[in-house]
Each structure stands twice: as C-alpha cells, then as structure tokens.
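One structure is given here, and the rest of the page talks about it.
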Amino acid sequence: MNGTSDGGLAVPMAWLYAEYIADELLRTGRLIPVSTLEFRAGRDTLALTIYLSDAAGELSGIRVVSQLDEWLSLTAYGHPWRDWVQTRFLQLGEEAREAGEGGEGGGGEEPDLELARDAWAWLERTELFATNLDPEGHGHTDSPPGLDENARVWTPAWQLGLPLGHLAIHLF
C-alpha cells in the first residue's frame, strides 16, 4: 500500500508527488496562467509522464534532476506518447492484478493508479480550442510550412499539454 504501513487509508503519494513536480515545472516556466484549462492539460500530461516513467516506484526529490532527460525524450515531438501511456497503463494494471491489488476481492486499484487513470480520462475526453499545432493536417503536404498562430482548432487536451510540458522541462 502506498503511504501507509499499517493497513490504514492509502495515500496516493506517488501521484501527488508527480503532480507537484509537474505543477512546479510549469509554474517555473511561466508559460501559461495557472488558472487556465491549458495549464491543467500541461500539468496532467506532465504528471502522467512523470508517474508512468517511474517504473521502480522510487521517484524522489534527488532523482528528479536525473529524470529530466527521460521526460524530455518522452514528451518530444514525434514520440508516440499516447501509445506509451496506454502501454504503461496496461503494464501497471497487470502488475496490480499479479500483486492482488485489483480485480475480484482485491478492493480495486491502488489510489495512485486510479488518479492517473482519471487524469488520462480527462485529457482524452477534453478538447481545447487552441492554435493548430499540426498545420500539415496529419500528413497532408499541400499546405505551406510554418505555424499560423491565428488558425485555431479543437485539440485533445493531451495534445496541447504535451508541448507545454516539454517546453516547461526545457525552461527548468
């Protein structure tokens, strides 16, 4: 159990810590106002990256700096981040089942994983009206290169949060 050793209430420390790190990275970068949905998209995307990349469950303050390069790689343009997230959720779900935490009689998932899944669900179902970050239109090469900041489209929150998180890591 996370956050307790006596069988009491489990505190989702790994998720809360990942969310705290993501929040601090975005605030430090001063990329976007904290009160916006865009900030939440960046924070949740970055928190998922941090939480899901911590395969050993040993995320600590000292290791944060050593993880920056990995997080940059995971959030880089062209990295199949969405596929990676889904794969990691499958792996963590399987590990939880093997450990007896989920499924029948297991009392459900650990709180960290449940909060991470909730964040992912929000990122997938929420769309934000933002600058078109894919002006080529997924492989169409008939449009001129470059980014027209006035061209706005409805974008899944994670697709907007990913470059925000990546840039926040760079600025740190």
Side-chain angles (χ1 to χ4, degrees), residues 2-3 9-54 57-89 92 108-138 146-172:
N2 192 6
L9 179 64
V11 179
M13 293 306 294
W15 174 256
L16 293 175
Y17 193 57
E19 200 172 44
Y20 169 77
I21 294 167
D23 191 86
E24 286 300 310
L25 286 170
L26 283 168
R27 284 176 190 263
T28 302
R30 297 182 182 175
L31 297 170
I32 197 152
V34 175
S35 61
T36 63
L37 288 174
E38 290 83 356
F39 183 89
R40 179 179 175 187
R43 184 196 62 215
D44 285 1
T45 302
L46 197 48
L48 271 175
T49 303
I50 293 165
Y51 173 75
L52 294 175
S53 67
D54 185 31
E58 299 175 352
L59 189 61
S60 69
I62 295 170
R63 279 187 21 129
V64 168
V65 174
S66 69
Q67 296 297 307
L68 292 175
D69 286 338
E70 180 182 1
W71 300 338
L72 276 172
S73 173
L74 290 168
T75 58
Y77 182 78
H79 181 271
W81 186 83
R82 184 175 190 245
D83 294 338
W84 174 79
V85 167
Q86 292 172 334
T87 300
R88 285 296 295 143
F89 274 132
L92 291 173
E109 295 183 330
E110 71 173 64
D112 291 305
L113 188 54
E114 190 174 335
L115 288 173
R117 286 189 195 280
D118 288 346
W120 177 236
W122 183 85
L123 287 166
E124 278 209 308
R125 78 172 176 266
T126 304
E127 291 190 343
L128 303 173
F129 197 57
T131 299
N132 185 3
L133 298 176
D134 185 17
E136 272 79 46
H138 301 292
L147 183 66
D148 178 5
E149 293 187 24
N150 295 319
R152 298 175 76 76
V153 296
W154 288 102
T155 305
W158 69 268
Q159 285 183 352
L160 182 63
L162 202 55
L164 282 173
H166 186 78
L167 186 55
I169 296 167
H170 264 295
L171 293 174
F172 185 76

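Just the heavy atoms: all of them, side chains too, but no hydrogens, waters or symmetry mates, feed the values below. Numbers for residues simply follow the sequence, beginning at 1.
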Once rounded to the nearest 0.5 Å, what's the spacing between atom [atom1] of [X] and atom [atom2] of [Y]?
X	Y	atom1	atom2	result
Thr75	His79	OG1	NE2	9.0 Å
Leu52	Leu74	CG	CG	9.5 Å
Thr45	Leu123	OG1	CG	4.5 Å
Leu115	Glu110	CG	CD	10.0 Å
Arg43	Ile32	CZ	CD1	12.5 Å
Arg40	Leu160	CZ	CG	13.5 Å

task = For the pair Tyr51 and Leu46, evaluate side chain to side chain contact (heavy atoms under 4.5 Å, CB included) and give the outcome as yes or no after the intermediate values.
result = CA-CA 9 Å; Tyr51 173 75; Leu46 197 48; over 6 Å; no
task = Tell me, with the steps shown, if Ile169 and Leu25 meet side chain to side chain contact (heavy atoms under 4.5 Å, CB included).
result = CA-CA 6 Å; Ile169 296 167; Leu25 286 170; 4.2 Å; yes
query = Checking side chain to side chain contact (heavy atoms under 4.5 Å, CB included) for the pair Ile50/Gln67: CA distance, chi angles, key distance, verdict?
reply = CA-CA 9 Å; Ile50 293 165; Gln67 296 297 307; over 6 Å; no
inquiry  = Determine whether Phe39 and Asp23 satisfy the following criterion, side chain to side chain contact (heavy atoms under 4.5 Å, CB included), listing intermediate values before the conclusion.
reply    = CA-CA 9 Å; Phe39 183 89; Asp23 191 86; 3.4 Å; yes
Decide yes or no for [X] and [Y]: does some side-chain heavy atom of the first lie under 4.5 Å from some side-chain heavy atom of the second?
X	Y	result
Asp118	Trp15	no
Leu72	His166	yes
Arg88	Val85	no

Identify the two heavy atoms, one from [X] and one from [Y], that lie closest to each other, and give their separation to 0.1 Å.
X	Y	answer
Arg82	Trp158	CD-CZ2, 3.3 Å
Leu31	Ala168	CD1-N, 3.7 Å
Ala22	Ala47	CB-N, 3.5 Å
Asp112	Ala14	OD1-N, 3.1 Å
Ala41	Leu128	CB-CD1, 4.0 Å
Trp122	Ala157	CZ3-CB, 3.9 Å

ask   = Can any side-chain N or O of Ser73 pair as donor or acceptor with the backbone N or O of Asp69 at less than 3.5 Å?
value =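 Here the side-chain-to-backbone pair does not exist.
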task = State whether a side-chain donor-acceptor pair under 3.5 Å links Thr49 with Trp81.
result =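 The answer is yes; a qualifying pair exists.
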task = Could you tell me how the ring of Phe89 sits relative to the ring of Trp120: parallel (under 30°), tilted (30 to 60°) or perpendicular (over 60°)?
result =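 Ring orientation of Phe89 relative to Trp120: tilted.
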task = Report the relative orientation of the aromatic rings in Tyr17 and Tyr20; use parallel for angles under 30°, tilted for 30 to 60°, perpendicular for over 60°.
result =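 Rings of Tyr17 and Tyr20: parallel, as their planes differ by under 30°.
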